[in-house]
Student: 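Starting off with a structure, shown below.
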Amino acid sequence: MSKEKELNVSEALGFTDDLMFQIVMRDPEICRMFLNEVLPHLDIQDITVRTQERIAFNQEDKVSILDVLITDSRGRRYNVEMQVAHKADMDKRARQYLFKMMEDGFLRRKQEYGELHAAYVIFILPFDPKGKGLKRYTFVYTAKEDPSVELNDDSALIYLNTKGTKGEIRPELDDLYRMIEGKPTSNGKLVSRIKKSMNNYRRTEEWRQHVMNTEEVAEAAKQLGMEEGMHEATVAAIHKTINMLRRMKCSPKQILQELEQDYDNEFSEEELADFVKNA
């Protein structure tokens, strides 16, 4: 097997690793600094942060689990997602997350429409989602007849493309891109705080166990061959997801819904149901 095709465990366990990303983004100051780099015009100050937040308003709803859900002191809501794999349904997933946040913020009696809070969904992507080379893609409602005319509803979907080469972004955000890409950084305030958080967590027993599990998956991939190994890695990821959702008191039906959202391109509904039943 060539070196280019070997699974890189150390790369998998950087900022883009699911567990590491959750731990780092639990720090409100990191979240605040990050949001102000992405949306500097909002001047975001006090915030609250929740990770792995479940959003479903009744039993029939598909459960959405947001990586990071942030609310600022003015009621504006932000969902930050780390997405490492390019999936065909990513645009619709982003829309689902945005609409769920909007639904959670619907007006109460006697409130005016102007009191509706802004909602933003931000995906951090180590790949180019649209193939145009932009460092950032910001999607808002515009008039099809004249794209310069925007619908002022205070919402946006934002894709941050760490592979991008076109367009301008703020220096601290560019530094974060470089860190994700494994390139030298200037170690500005945001990246320095992220690195410190990562280094602190790497000293914990929880992280050591996570590394061991990931290394076992990588070794299995090497021994079985890339195609079979990646299948084994996916199965291991599914079992981790099921265990996490069970700890969150999700029902079997809700767990199956979440698995279908992430793995329906690789496994049938019957196969995923078997995972839930036998895990």
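Residue indices begin at 1 and follow the sequence shown.
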Student: Quick one: which of Tyr159, Tyr137, Phe139, Tyr78 gives a ring pair (Phe, Tyr, Trp, His ring centres under 6.0 Å) with Phe123?
Tutor: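 Answer after filtering Tyr159, Tyr137, Phe139, Tyr78: Tyr159.
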Student: How long is the straight-line distance from CD of Gln52 back to CG of Asp67, given to the nearest 0.5 Å?
Tutor: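 Nearest 0.5 Å value for the CG-CD distance: 5.5 Å.
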Student: In terms of relative ring orientation, are Phe275 and His239 parallel, tilted or perpendicular, with 30° and 60° separating the classes?
Tutor: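 Answer is perpendicular, since the angle exceeds 60°.
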Student: Quick check for you: to the nearest 0.5 Å, what is the distance between Lys135 atom NZ and Leu173 atom CG?
Tutor: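 Rounded to the nearest 0.5 Å, the NZ-CG separation comes to 9.5 Å.
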Student: If you define the side chain from C-beta out and look only at heavy atoms, does anything of Ile169 sit under 4.5 Å from Tyr177?
Tutor: yes
Student: Would you confirm whether Asp154, through its side chain, and His117, through its main-chain N or O, come within 3.5 Å as a donor-acceptor pair?
Tutor: no
Student: Between Arg178 and Ser186, is there a donor-acceptor pair closer than 3.5 Å when you use the side chain of the first and the backbone of the second?
Tutor: no
Student: Distance from Ile180 atom CD1 to Ile124 atom CD1, nearest 0.5 Å?
Tutor: 5.5 Å
Student: Do Trp207 and Ile23 touch side chain to side chain, with heavy atoms closer than 4.5 Å?
Tutor: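 With C-beta onward as the side chain, the pair stays apart.
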Student: Evaluate the side chain to side chain contact (heavy atoms under 4.5 Å, CB included) criterion for residues Leu98 and Lys100: first the C-alpha distance (whole Å), next the side-chain angles of each, then the deciding distance (0.1 Å), finally the verdict.
Tutor: CA-CA 5 Å; Leu98 181 62; Lys100 284 293 185 182; over 6 Å; no
Student: If I take atom CG from residue Leu66 and atom CG from residue Asn79, how far apart are they, to the nearest 0.5 angstrom?
Tutor: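 Going from the CG atom of Leu66 to the CG atom of Asn79 covers 4.5 Å.
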Student: Output, in order, the C-alpha distance, side-chain angles, deciding distance and verdict of salt bridge (Lys or Arg N to Asp or Glu O under 4.0 Å) for Arg74 and Asp43.
Tutor: CA-CA 11 Å; Arg74 297 178 59 183; Asp43 188 28; over 6 Å; no
Student: Could you check whether any side-chain heavy atom of Arg246 comes within less than 4.5 Å of a side-chain heavy atom of Ile255, counting everything from C-beta outward?
Tutor: yes
Student: Identify the two heavy atoms, one from Leu69 and one from Arg77, that lie closest to each other, and give their separation to 0.1 Å.
Tutor: CD2-NH2, 3.8 Å
Student: Just by distance, do the side chain of Asp175 and the backbone of Gly188 share a donor-acceptor pair under 3.5 Å?
Tutor: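 Side chain of Asp175 to backbone of Gly188: a pair is present.
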Student: Might you confirm whether atom CG of Asp46 has over 12 heavy atoms from other residues, nucleotides or ligands at distances under 6.0 Å?
Tutor: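 Not more than 12 within 6.0 Å, no.
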Student: Would a 4.5 Å heavy-atom cut-off, applied to side chains only, mark Val38 and Arg136 as touching?
Tutor: yes
Student: Would you call Tyr201 and Val24 a side-chain contact if the rule is heavy atoms closer than 4.5 Å?
Tutor: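 Not touching, per the 4.5 Å side-chain cut-off.
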Student: Name all residues meeting the side chain to side chain contact (heavy atoms under 4.5 Å, CB included) criterion together with Thr48; count only those two or more places apart in sequence or in a different chain, and write none if there are none.
Tutor: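 Partners of Thr48 under the side chain to side chain contact (heavy atoms under 4.5 Å, CB included) test: Thr71.
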Student: Test Met20 against Arg202 for side chain to side chain contact (heavy atoms under 4.5 Å, CB included), laying out the working first.
Tutor: CA-CA 9 Å; Met20 181 62 83; Arg202 285 187 173 117; 4.0 Å; yes
Student: For Met25 and Ile30, work out which heavy atoms get closest and say how close.
Tutor: SD-CG2, 4.0 Å
Student: Report the distance from atom CG of Asp153 to atom CG of Leu151, rounding to the nearest 0.5 Å.
Tutor: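 Reported value, rounded in 0.5 Å steps: 5.0 Å.
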Student: Evaluate Leu176 against Leu160 for side chain to side chain contact (heavy atoms under 4.5 Å, CB included), listing each step before the verdict.
Tutor: CA-CA 11 Å; Leu176 177 63; Leu160 301 178; over 6 Å; no
Student: For the residue pair Ile47 and Cys31, what are the closest heavy atoms and their distance?
Tutor: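 Residues Ile47 and Cys31, closest heavy atoms: CD1-CB, 3.7 Å.
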Student: May I ask whether Val140 and Leu35 are part of the same hydrophobic cluster, defined by side-chain heavy atoms of I, L, V, M, F, W, Y residues being less than 4.5 angstrom apart, directly or through others?
Tutor: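 No, separate clusters.
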Student: Do any pairs count as a salt bridge (charged side-chain N to carboxylate O under 4.0 Å, His left out) and have a residue in residues 187-196, sequence neighbours left out, and if so which ones?
Tutor: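 The answer is Asp27-Arg193.
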Student: Look at the aromatic rings of Phe15 and Phe21 and report parallel, tilted or perpendicular, splitting at 30° and 60°.
Tutor: perpendicular
Student: Show, in sequence, the C-alpha distance, side-chain angles and deciding distance for Leu245 and Gln254, and conclude whether the side chain to side chain contact (heavy atoms under 4.5 Å, CB included) test is met.
Tutor: CA-CA 9 Å; Leu245 294 175; Gln254 291 171 329; over 6 Å; no
Student: Are the side chains of Phe34 and Val68 in touch, meaning some heavy atoms are under 4.5 Å apart?
Tutor: no
Student: How long is the straight-line distance from NZ of Lys132 back to CG of Asn161, given to the nearest 0.5 Å?
Tutor: 13.0 Å
Student: Would a 4.5 Å heavy-atom cut-off, applied to side chains only, mark Glu181 and Lys163 as touching?
Tutor: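 Glu181 reaches Lys163 side chain to side chain.
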Student: What heavy-atom pair brings Ser155 and Tyr141 nearest, and what distance separates the two atoms?
Tutor: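 The answer is OG-CE1, 4.4 Å.
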Student: Is the number of heavy atoms from other residues, nucleotides or ligands within 6.0 Å of CZ (Arg170) greater than 12?
Tutor: yes
Student: Heavy atoms only: give me the nearest Ala156-Thr138 pair and the separation to one decimal.
Tutor: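 Scanning both residues, the minimum pair turns out to be CB-CG2, 4.4 Å.
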Student: Test your reading of the model: is there a side-chain donor-acceptor pair from Glu172 to the backbone of Glu37, 3.5 Å cut-off?
Tutor: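 No; judged by distance alone, with no hydrogens or angles, the pair does not exist.
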Student: Any salt bridge linking Lys166 with Asp128? Criterion: basic side-chain nitrogen under 4.0 Å from a carboxylate oxygen.
Tutor: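 Salt bridge: no.
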Student: If every non-hydrogen atom of Ala85 is compared with every non-hydrogen atom of Gln83, which pair is closest and at what distance?
Tutor: O-NE2, 3.0 Å
Student: Is the CD atom of Gln45 crowded by more than 12 outside heavy atoms at less than 6.0 Å?
Tutor: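 Yes.
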Student: Would you say Asp91 and Lys130 make side-chain contact, with heavy atoms under 4.5 Å?
Tutor: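 Asp91 vs Lys130: side chains touch.
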